[in-house]
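The block underneath contains the structure these notes are about, expressed in structure tokens.
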Amino acid sequence: MDCLHQFWILVLFSGLILQSGDGFYLPGSYPHKYNVGDQLSVKVNSLTSIETEMPFSYYSLPFCKPPEGVKDSAENLGELLMGDRIENSPYRFRMYTNKTEIFSCKTDPLSVDDYKLLTKRIDEMYQVNLILDNLPAIRYTKKEGYSLRWTGYPIGIKVQDVYYAFNHLKFTVLVHKYEETNVARVMGTGDAAEVIPTIEKSESNVPGYMVVGFEVVPCSFQHNVDSVKKLKMYEKYQSPIRCDPNTVAMAVKQGQPMVFTYEVSFVESDIKWPSRWDAYLKMEGSKVHWFSILNSLMVITFLAGIVFVIFLRTIRRDLTRYEELDKEAQAQMNEELSGWKLVVGDVFRAPDHPALLCIMVGDGIQILGMAVVTILFAALGFMSPASRGTLISGMLFFYLILGIAAGYVAVRLWRTIRCGDSTGWVSVSWKAACFFPGIVFLILTTLNFLLWGSHSTGAIPFSLFVILILLWFCISVPLTLVGGYLGAKAPHIEFPVRTNQIPREVPAQKYPSWLLVLGAGTLPFGTLFIELFFIMSSIWMGRVYYVFGFLFIVMILLVVVCAEVSLVLTYMHLCVEDWRWWWKSFFASGSVAIYIFLYSINYLIFDLRSLSGPVSATLYLGYSLFMVLAIMFATGTVGFLSSFWFVHYLFSSVKLD
């Protein structure tokens, strides 16, 4: 009753939050009031490119540095794992103070190494990513009459074998008048370091503004190098600068310095603070084709429903016919048994490598639980794009905590297979805690060496490696052992029939059973492949993925289809007197991972064809392998547990001697 009481309190609290949306913002960021003349500081994130997928530090190139020196911003675990390196920048504004021709700096003459590196980054289409008040800079371009949106701006461009740098930036800051009703009453985890301002009544008439948009137009302008020799940072450039994004003038030349300038204008906007991320969530290419996806989901659901109904009717007919016979007829029928009834003495025979199966099922429960909880929280808005890195941090946190579920399921399944014998449960728990994380650790370490060799910010720092290992062995492993202990104490699931001492010979099959197992993965893949395109685009093309509510529905549908596919395949194997269903039920649904990996290769060849270099391709394939392994464990676990329940239910419904 206490749990039910707490649940209804939570529901009522959620309802109050939804009803009072004007005064509440989910964690991630909160509105900050800037008075006219207050300083606004722009920050820089790592340079990124869809051609290499390797981020680099902004200051790895010869750009202007802030007068107080380069300082790192506080980054969470997720940001570091994603390769984000947020630092201060030389760009500074005053709220609602328009300025033009602001001199930033003149670099030293470009050395041979600097020139080669800068031109290489231009060839690789690297983008500069700026952040103001937790908003990434957005750039608008026009192509064939359409307006396209991009985050960041390119370092430069190559025109007729000549490299040009974008050395003048035209900033537009959209602001909205500050309203007291928009003040968040909860502490967020935004980028700003300031606390939530307290508005006194005496200050209510003071004009204030919130930043609701940050746009940038990069230009290539040829400055007079001699005229800036005596200029100091933030002083006015002596001659007017005409920013035309359609022309280039500042050629990158070895031995020549570069001059950087910028201008800023403030525009009052009708965009309210809660809607300021709408522009980013309407990025070109990230609009979900709702009709196409819903059509696909309806077809898959309809098909799975038909299979499930036919399947239930077949089983029900078999059971009904058997139960309607009198005892004499049943005895006669037992002598003429065919199909799944013949394997009654072998259906619960321990599979090959039972410990490995238990470990993989336990890890699958942990991964599936992490995915469901994370996507649910993201769908509720707790992991919005405004909070960089929280999605990865949340996934890691939930994975660590759910170690207790992995240990419990692995050990309880181990005891069930061994008919209640708990010998070796510590070993099973320990292996469950180390098996999947160990594989991930090997993949990440290999990829990290490649990133370290390329001096990329995507490389996980050694200190973070140590932290991850400590989290693994100090939180995940102990919790998995605790779960294993609970599983060892819990009653095992008793089999409804006895297992014969001598295994029954499996008849020769017309078709190889592994062919059915591999083919079974196509149905779960059908529920996923359209959504998979948007997820891949979000990861590799730098687009913002935000339809977590829909992803949650797709995931629930995927779980249902995986369960149904595995049930059907298990029944088919039992009908042809093949009692070796344990591993086949796992890989029947887990084989969807094969199709996802093939789709990843297809995406690499046709959608990421501009990806350059073997290192970038290796990184892509390495991360794809990590992803499909996790999917295989999760979907395989769903298939196995549904088949286990079905086989247990089926053979406990009919009593055969």
Main chain of [Y], side chain of [X]: is a donor-acceptor contact present, judged purely on distance under 3.5 Å?
{"X": "S89", "Y": "V44", "result": "no"}
{"X": "S393", "Y": "G389", "result": "yes"}
{"X": "S111", "Y": "D114", "result": "yes"}
{"X": "T97", "Y": "F93", "result": "no"}
{"X": "H176", "Y": "I271", "result": "yes"}
{"X": "N88", "Y": "G69", "result": "yes"}
{"X": "S454", "Y": "S456", "result": "no"}
{"X": "T457", "Y": "P55", "result": "yes"}

Distance (rounded to the nearest 0.5 Å) between [X] [atom1] and [Y] [atom2]:
{"X": "L621", "Y": "I443", "atom1": "CG", "atom2": "CD1", "value": "11.5 Å"}
{"X": "I553", "Y": "M555", "atom1": "CD1", "atom2": "CE", "value": "13.5 Å"}
{"X": "L380", "Y": "F548", "atom1": "CG", "atom2": "CZ", "value": "12.0 Å"}
{"X": "I138", "Y": "L174", "atom1": "CD1", "atom2": "CG", "value": "10.0 Å"}
{"X": "T151", "Y": "I131", "atom1": "OG1", "atom2": "CD1", "value": "10.5 Å"}
{"X": "L231", "Y": "K106", "atom1": "CG", "atom2": "NZ", "value": "11.0 Å"}

Exceeds 12 heavy-atom contacts within 6.0 angstrom, atom [atom1] of [X]:
{"X": "D270", "atom1": "CG", "result": "no"}
{"X": "K116", "atom1": "NZ", "result": "no"}
{"X": "F377", "atom1": "CZ", "result": "no"}
{"X": "F398", "atom1": "CZ", "result": "yes"}

Side-chain contact, heavy-atom cut-off 4.5 Å: [X] with [Y]?
{"X": "K236", "Y": "T100", "answer": "yes"}
{"X": "F166", "Y": "I157", "answer": "yes"}
{"X": "Q39", "Y": "R94", "answer": "yes"}
{"X": "L625", "Y": "V628", "answer": "yes"}
{"X": "R121", "Y": "F56", "answer": "yes"}
{"X": "L135", "Y": "V212", "answer": "no"}
{"X": "M536", "Y": "M627", "answer": "yes"}
{"X": "L464", "Y": "L81", "answer": "yes"}

Closest approach of [X] to [Y] (non-hydrogen atoms, all atoms of both residues):
{"X": "I392", "Y": "G78", "answer": "CB-CA, 3.8 Å"}
{"X": "E51", "Y": "E124", "answer": "CB-O, 3.6 Å"}
{"X": "Q127", "Y": "G152", "answer": "OE1-C, 3.5 Å"}
{"X": "P614", "Y": "T618", "answer": "O-OG1, 2.6 Å"}
{"X": "E87", "Y": "Y59", "answer": "OE1-CD1, 3.4 Å"}
{"X": "P67", "Y": "M233", "answer": "CD-SD, 3.5 Å"}

If a pair satisfies disulfide bond (SG atoms under 2.5 Å apart) and one of its residues is in residues 79-170, list it, with sequence neighbours excluded.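 For residues 79-170, and leaving out neighbouring residues, the disulfide bond (SG atoms under 2.5 Å apart) pairs sorted by first residue read C64-C105.
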Decide yes or no on side chain to side chain contact (heavy atoms under 4.5 Å, CB included) for F266 and L40, but give the supporting numbers first. CA-CA 12 Å; F266 288 81; L40 299 175; 3.8 Å; yes
Checking ring-ring contact (aromatic ring centres under 6.0 Å, His included) between Y209 and each of Y34, Y96, Y178, which is the one that passes?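 The residue from Y34, Y96, Y178 that satisfies ring-ring contact (aromatic ring centres under 6.0 Å, His included) with Y209 turns out to be Y96.
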Which residue is it: Y153, Y91, F171, W277? I am looking for the one with a ring-ring contact (aromatic ring centres under 6.0 Å, His included) to F214.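 That would be F171; it is the only one of Y153, Y91, F171, W277 passing the ring-ring contact (aromatic ring centres under 6.0 Å, His included) with F214.
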Excluding sequence neighbours, so at least two apart, what forms side-chain hydrogen bond (donor to acceptor under 3.5 Å, both in side chains) with N448?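 Applying side-chain hydrogen bond (donor to acceptor under 3.5 Å, both in side chains) to N448 gives none.
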Candidate pair Y399 and T374, rule side chain to side chain contact (heavy atoms under 4.5 Å, CB included), full reasoning: CA-CA 9 Å; Y399 182 82; T374 304; over 6 Å; no
Sole candidate of R276, M210, K43 that passes side-chain contact (heavy atoms from CB on, under 4.5 Å) when paired with D133: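 Of R276, M210, K43, side-chain contact (heavy atoms from CB on, under 4.5 Å) with D133 is met by R276 alone.
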Under the criterion side-chain contact (heavy atoms from CB on, under 4.5 Å), which of S49, S616, S46 is the partner of M54?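 Running side-chain contact (heavy atoms from CB on, under 4.5 Å) over S49, S616, S46 with M54 returns exactly one hit, S616.
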Looking at Y234, I'd like to know if the NZ or CZ of R92 sits under 6.0 Å from its six-membered ring centre while staying within 45 degrees of the ring's axis.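 Because its charged atom misses either the 6.0 Å distance or the 45° angle limit, R92 does not stack over Y234.
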What orientation do Y163 and Y115 show, parallel under 30°, tilted 30 to 60°, or perpendicular over 60°?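 Plane angle over 60°, so perpendicular.
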Hey, what's the ring geometry for F221 with H168, parallel, tilted or perpendicular (30° and 60° as the breaks)?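 Ring orientation, 0 to 90° scale: tilted.
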Does either side chain, that of [X] or that of [Y], offer a donor lying less than 3.5 Å from an acceptor on the other one?
{"X": "H223", "Y": "T261", "answer": "yes"}
{"X": "Y126", "Y": "T52", "answer": "yes"}
{"X": "Y58", "Y": "N129", "answer": "no"}

Pair L130, L169 - check side chain to side chain contact (heavy atoms under 4.5 Å, CB included), show working. CA-CA 11 Å; L130 303 176; L169 301 178; 4.2 Å; yes
N/O donor-acceptor pairs under 3.5 Å from side chains in residues 237-259, not counting sequence neighbours:
residue	atom	partner	partner atom	Å
Y237	OH	N224	N	2.8
D244	OD1	N246	N	3.1
T247	OG1	D244	O	3.4

Side chain to side chain contact (heavy atoms under 4.5 Å, CB included), that's the test. Do I50 and W540 meet it? Break it down for me. CA-CA 7 Å; I50 60 171; W540 301 110; over 6 Å; no
